[in-house]
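Here the structure is laid out as structure tokens; the discussion comes afterwards.
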Amino acid sequence: VKKKLIYALIGLVLFFGLCCAGFAVSKSRSFQFFGNLTQRVDTKQKVVALTFDDAPGKDTKGVLEKLDKFGVKATFFAIGWAVEQYPSDAEDIVSHGHELGNHSYSHERMVLKTPSFIASEIERTNKLIRQVGYRGTICFRPPNGKKLVLLPWYLKQHNMQTIMWDIEPNTYPEIDSDTDKIVDYTVKNTKPGSIILLHPFGDKNKRTRDAIPRIIDSLQKQGYRFVTVSELMSYKGK
Ligand SMILES: [Zn+2]
């Protein structure tokens with residue numbers, strides 16, 4: 001009886017450990033089980049990618065105007081249903097020369113889901129991205145940054161890159177609540193090859209929208225050049 005109890009305890013500890021490890025991997029920005037995952041590109045060149053999640057959304061036009069003013073090309077990670085909701089905004093993103101990435105169809109977590117759910121989330125959104133006129137490479141960014149086994153496996157099979165980020169000011173409430181802090185944090189932490197993630201859409205993100213021109217201006221003055229994520233990847237090792 002004692003032996004059985006010990007085995008049960010060992011089993012429990014192992015199970016708990018595996019769950020913790022699985023959780024850590026699912027949200028890791030730098031590791032996944034299959035395929036490539038990019039958090040930042042290793043380069044000495046002063047290039048940086050500005051990426052916007054949950055596109056298109058309210059005030060897409062305002063964001064595009066700010067980028068045009070500085071001649072900056074960015075990468076917008078689109079949610080399928082939002083493309084259906086705001087198709088002309090998605091078309092504008094494309095016609096202004098920006099990169100359009102896939103951020104799933106429904107923005108549900110892609111962990112502990114069936115293979116067919118994952119395939120449909122990605123394929124529906126890829127189709128919508130093509131429908132609004134985007135012809136370039138389609139990268140993927142997991143909703144909430146979460147991925148475990150099936151999602152990376154699917155992406156690897158379909159030759160799609162997983163794009164994470166190394167700079168995310170909106171994740172810290174004390175920074176997100178203040179435009180000055182969003183700008184300072186982002187500018188201070190940007191390195192050659194950085195991937196900046198901003199959430200600029202919707203009423204609650206006005207501070208982030210206000211921060212965009214200031215981040216660009218400040219980094220351009222330091223000699224940084226803004227490129228799309230796909231372009232940034234071509235600087236690897238350079
Ligand atoms: Zn998102």
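Counting starts at 1 for both ligands and their atoms, following the listed order.
There is a side-chain donor-acceptor pair under 3.5 Å between Arg141 and Thr51.
Neighbouring protein atoms of the Zn ion (ligand 1) (N, O or S, distance under 2.8 Å, waters ignored): Asp54 OD1, His103 NE2, His107 NE2.
Evaluation of the ring pair (Phe, Tyr, Trp, His ring centres under 6.0 Å) test over residues 207-238, restricted to residues two or more places apart or in two chains, returns none.
Hydrophobic cluster membership is shared by Leu37 and Ile195, with clusters built from Ile, Leu, Val, Met, Phe, Trp and Tyr side chains linked at under 4.5 angstrom.
Residues passing the side-chain contact (heavy atoms from CB on, under 4.5 Å) test with Ala74, sequence neighbours excluded: Leu50, Phe52, Leu67, Phe76, His98. In terms of the side-chain contact (heavy atoms from CB on, under 4.5 Å) criterion, residue partners of Val111 (sequence neighbours excluded) are, by chain and number, Ser26, Lys146, Leu148.
Ion pair Lys58/Asp203 flagged as a salt bridge, since at least one NZ, NE, NH1 or NH2 atom sits closer than 4.0 Å to an Asp/Glu carboxylate oxygen.
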